[in-house]
Amino acid sequence: WYQDITNDTERYMTLAAVKDDSIIGLIVTELRQSKSCSPDEIALLDRAQLRDSILTYIMTLGVRQEHRRQGIATVLVKEILSRLKTLPDVKGVYLHVLASNKRAIKLYEHLGFTCYELGLSQRKE
C-alpha cells in the first residue's frame with residue numbers, strides 16, 4: 001500500500017505535514033470512477049448527483065496526537081481540495097467517518113462537506 005500511494009500519482013494524491021524532518025500529519029486520497037464504487041457508495045453518489053463521475057475518496061487523514069488541534073488537518077484538507085480544483089474531470093470528494101468521531105465530522109462540515117448518510121456497521125473484534 002505504501003508503494004502504491006507514493007508511486008502511483010495518477011491514482012493517489014498524498015500530502016504530508018512535516019516538522020523537524022518527521023511526518024506529523026498525512027492525508028491520502030484516491031481518484032475513483034464512480035462506477036467502480038461499492039453499491040452503497042453508488043446509491044450515495046446518486047443522491048449527490050455524482051454518478052458517472054470521477055471522484056476523489058479521502059482514504060485517510062491523520063495527525064500525530066501531540067500535534068492535534070493546531071489546524072494541521074485543516075491545512076492538509078484545504079491543500080488537497082485546492083489541488084483537486086486543477087483537475088477538471090474530478091467532480092466531487094467523499095469520505096467515511098465514524099459517527100462517534102465528532103471532531104472529524106465537525107472538521108469536515110466546517111470545510112464545506114455535507115453529511116449524506118449515517119450507516120451502521122459492526123467491527124469484528
Side-chain angles (χ1 to χ4, degrees):
W1 184 73
Y2 178 77
Q3 293 295 327
D4 290 340
I5 67 169
T6 56
N7 294 323
D8 188 349
T9 57
E10 299 275 321
R11 183 175 171 193
Y12 298 100
M13 190 178 295
T14 303
L15 292 175
V18 178
K19 181 178 181 183
D20 299 327
D21 296 325
S22 294
I23 293 175
I24 61 170
L26 184 72
I27 187 169
V28 179
T29 65
E30 179 184 21
L31 293 178
R32 295 182 175 178
Q33 292 283 343
S34 60
K35 60 186 165 209
S36 69
C37 294
S38 73
D40 289 340
E41 290 172 328
I42 289 173
L44 174 67
L45 297 172
D46 279 345
R47 290 177 46 204
Q49 301 177 348
L50 292 171
R51 191 178 192 130
D52 299 323
S53 300
I54 297 175
L55 305 163
T56 299
Y57 177 64
I58 297 178
M59 299 175 68
T60 190
L61 170 64
V63 176
R64 290 182 60 159
Q65 189 162 357
E66 63 270 24
H67 297 284
R68 291 182 187 161
R69 312 280 301 153
Q70 297 175 28
I72 295 166
T74 299
V75 169
L76 288 169
V77 174
K78 284 183 174 182
E79 182 60 28
I80 282 286
L81 295 176
S82 176
R83 291 179 185 205
L84 290 172
K85 287 180 183 176
T86 68
L87 304 174
D89 293 336
V90 176
K91 302 299 183 200
V93 180
Y94 74 106
L95 61 130
H96 295 93
V97 176
L98 293 173
S100 61
N101 192 343
K102 303 295 185 200
R103 282 188 178 166
I105 292 168
K106 184 176 177 181
L107 167 70
Y108 287 115
E109 287 177 342
H110 173 74
L111 291 169
F113 286 77
T114 301
C115 180
Y116 276 95
E117 183 175 310
L118 292 175
L120 299 174
S121 64
Q122 184 178 31
R123 274 192 204 178
K124 290 186 177 182
E125 298 295 329

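Note: hydrogens, waters and symmetry copies are ignored here, and every other heavy atom, side chains too, is used. These numbers were taken from a predicted model, which means no experiment stands behind them.
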Original post:
Transitively linked via ILVMFWY side-chain contacts under 4.5 Å: Val75 with Ile24?
Top reply: no
Original post:
Any side-chain heavy-atom pair from Val63 and Gln70 closer than 4.5 angstrom?
Top reply: no
Subject >> pair Ile58-Phe113: side-chain heavy atoms closer than 4.5 Å >> reply: yes
Subject >> Atom of Leu76, atom of Ala17 and distance for their closest heavy-atom approach >> reply: CD2-N, 4.0 Å
Original post:
Using the ring of each side chain (for Trp, its six-membered ring), is Tyr57 parallel, tilted or perpendicular to Tyr94, with breaks at 30° and 60°?
Top reply: tilted
**OP:** Work out which heavy atom in Leu98 is nearest to a heavy atom in Ile105; give both atom names and the distance.
**Re:** O-CD1, 3.8 Å
**OP:** Answer whether the closest heavy-atom distance between the side chains of Met13 and Leu31 falls below 4.5 Å.
**Re:** no
**OP:** Check whether any side-chain heavy atom of Gln65 sits under 4.5 Å from a side-chain heavy atom of Arg68, and report yes or no.
**Re:** yes
**OP:** For Ile23, look at atom CD1 and say whether over 12 heavy atoms of other residues, nucleotides or ligands are found less than 6.0 Å away.
**Re:** no
Original post:
Would a 4.5 Å heavy-atom cut-off, applied to side chains only, mark Thr29 and Arg83 as touching?
Top reply: no
Subject >> Inter-residue atom distance Lys106.NZ - Leu111.CG, 0.5 Å rounding >> reply: 12.0 Å
**OP:** Rounded to the nearest 0.5 Å, what's the gap from CE on Met59 to CG on Leu26? Could you check?
**Re:** 10.5 Å
**OP:** For residues Leu107 and Leu61, determine if any side-chain heavy atom of one lies less than 4.5 Å from a side-chain heavy atom of the other.
**Re:** yes
